[in-house]
Q: 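The structure that follows is given in the form of structure tokens.
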Amino acid sequence: MALRQSSDMMKFKEALKSAKQVVILSGAGISAESGIPTFRGAGGLWRKYQASSLATPGAFRSSPSLVWEFYHYRREVAAKAHPNAGHMAIAQYEAKYGSEKSISVITQNVDGLHARAGTKNLIELHGNLYKTRCTKCKEVLVNDDSPICEALAGRGAPDINVVGSDIPEKSLPHCQKQGCGGLLRPHIVWFGENLESNVLEKAGEAMSSCDICLVVGTSSVVYPAAMFAPQAAARGAIVAEFNIEPTPATHEFHYYFEGPCGTTLPLALGD
């Protein structure tokens, strides 16, 4: 297996060398190597809740304080994490070859680690933990204050014995725009919501024109991102998957490199 992986890596690197339009599609796996919880599968609970039960418009309407405690926890965890060797390999590859190739990074992650590693041409499909959107005026703002409001200081611990949240809505983050004052929500695409049309369009353009695609740390089961790489492969683009284990889409791709992204990506993208 190791010999085959080595041979495939050499072939992939040759294909990458001649590629003019490169897309890197990343998911939770690459950030898990930096200590970011995936909130998927066994053990993916915050307190007694599944993320899918909190990351919804309905949950925010019924208990905005509980949802904000969850996202405050996620913001704090992400802020303490650092980009790993996989993030750095992607950013360094873009910095080195971005002037001669079109390189796009499309991520399903919301933790900001790609940007902190130095990636410039970044498409964040599902939003960003450090952006908020006003529920009234709809303005999107960057906010990396810790905590984002005083009422959330010391809150959000994943203690299974803590139930609900008693923070008054008036103490949660609110829009500071003159004459607005609307309740802010995390600028995240929640379950049951559509991706922003301009973001989806930008991602679609990159995927439709790439001649090589790297699928990095994603299970290929969350739509619409799950269809991006298989569609690229179907039209003739070379697709290489980098994951710690095979996924339902692995058989549709040209290459599969098993192992942590922090190990395989520097080999694939380095000289």
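Computed from heavy atoms alone, side chains included, the values below leave out hydrogens, waters and symmetry copies. Throughout, numbering of the chain's residues begins at 1 and tracks the sequence.
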Q: Can you see whether S165 engages E69 through a side-chain donor-acceptor pair at a distance of less than 3.5 angstrom?
A: yes
Q: How far does OG1 of T135 sit from CG of L183, to the nearest 0.5 angstrom?
A: 4.5 Å
Q: Would you say the side chains of E196 and H187 form a donor-acceptor pair under 3.5 Å?
A: yes
Q: Flag the pair E139 and R133 as a salt bridge only when some basic side-chain nitrogen lies within less than 4.0 angstrom of an acidic carboxylate oxygen.
A: no
Q: Taking E100 first and then K20, would you say they form a salt bridge - that is, a charged N and a carboxylate O separated by under 4.0 Å?
A: no
Q: Hey, are S26 and H114 close enough side-chain-wise for a donor-acceptor pair under 3.5 Å?
A: yes
Q: Could you check whether E193 pairs with R185 (Lys NZ or Arg NE/NH1/NH2 to Asp/Glu carboxylate O, under 4.0 Å)?
A: yes
Q: Between the side chains of S209 and Q21, does any donor sit under 3.5 Å from an acceptor?
A: yes
Q: What about L265 and M9, same hydrophobic cluster or not, with Ile/Leu/Val/Met/Phe/Trp/Tyr joined at side-chain heavy-atom distances under 4.5 Å?
A: yes
Q: Please check if the side chain of Y256 supplies one atom and the backbone of E245 the other of a donor-acceptor pair under 3.5 Å.
A: yes
Q: Are V67 and V163 linked, directly or through other ILVMFWY residues, by side chains that come within less than 4.5 angstrom of each other?
A: yes
Q: Parallel, tilted or perpendicular: which one describes the rings of Y97 and Y93, with boundaries at 30° and 60°?
A: tilted
Q: Which heavy atom of V215 sits nearest to which heavy atom of A229, and what is that distance?
A: CG2-CB, 3.5 Å
Q: Where do E14 and K17 land on the salt bridge (charged side-chain N to carboxylate O under 4.0 Å, His left out) test, with the steps shown first?
A: CA-CA 5 Å; E14 282 300 312; K17 192 179 296 184; 3.5 Å; yes
Q: Is any NZ, NE, NH1 or NH2 atom of the basic residue among D159 and K48 found under 4.0 Å from an Asp or Glu carboxylate oxygen of the other?
A: no
Q: Going by atom types only, do N121 and S104 share a side-chain donor-acceptor pair under 3.5 Å?
A: yes
Q: Applying the side chain to side chain donor-acceptor pair (under 3.5 Å) criterion to S146, which one of K80, E76, R75 satisfies it?
A: E76
Q: Under 3.5 Å, is there a donor on one side chain and an acceptor on the other for T250 and T247?
A: yes
Q: Just by distance, do the side chain of R47 and the backbone of F70 share a donor-acceptor pair under 3.5 Å?
A: no
Q: Take D8 and K13 through the test salt bridge (charged side-chain N to carboxylate O under 4.0 Å, His left out) and record every step on the way to the result.
A: CA-CA 9 Å; D8 282 352; K13 288 171 72 75; over 6 Å; no
Q: Taking L113 as the fixed residue, which of M88, H82, H87, E33 is the one that meets the side chain to side chain contact (heavy atoms under 4.5 Å, CB included) rule?
A: H87
Q: If you measure from the Lys or Arg side-chain nitrogens to the Asp or Glu carboxylate oxygens, is any gap between K202 and E205 under 4.0 Å?
A: no
Q: Starting from the C-alpha separation in whole Å, work towards a yes-or-no answer on side chain to side chain contact (heavy atoms under 4.5 Å, CB included) for C149 and S171.
A: CA-CA 8 Å; C149 68; S171 299; over 6 Å; no
Q: Kindly work out whether a path of hydrophobic side-chain contacts (I/L/V/M/F/W/Y, heavy atoms less than 4.5 Å apart) joins L25 to V239.
A: no
Q: Check the orientation of F12 and F242. Use parallel for under 30°, tilted for 30 to 60°, and perpendicular for over 60°.
A: perpendicular
Q: Before you tell me yes or no, could you show the steps for D111 and Y130 under side chain to side chain contact (heavy atoms under 4.5 Å, CB included), namely the whole-Å CA-CA distance, both residues' side-chain angles and the distance that decides it to 0.1 Å?
A: CA-CA 8 Å; D111 49 51; Y130 302 103; 5.9 Å; no
Q: What verdict does the side chain to side chain donor-acceptor pair (under 3.5 Å) test give for N143 and T132, after you've listed the backbone C-alpha separation in whole Å, the side-chain angles of each residue and the deciding distance to 0.1 Å?
A: CA-CA 7 Å; N143 187 314; T132 60; 5.8 Å; no
Q: Quick one: does T119's side chain have a donor or acceptor within less than 3.5 Å of a partner on L122's backbone?
A: no
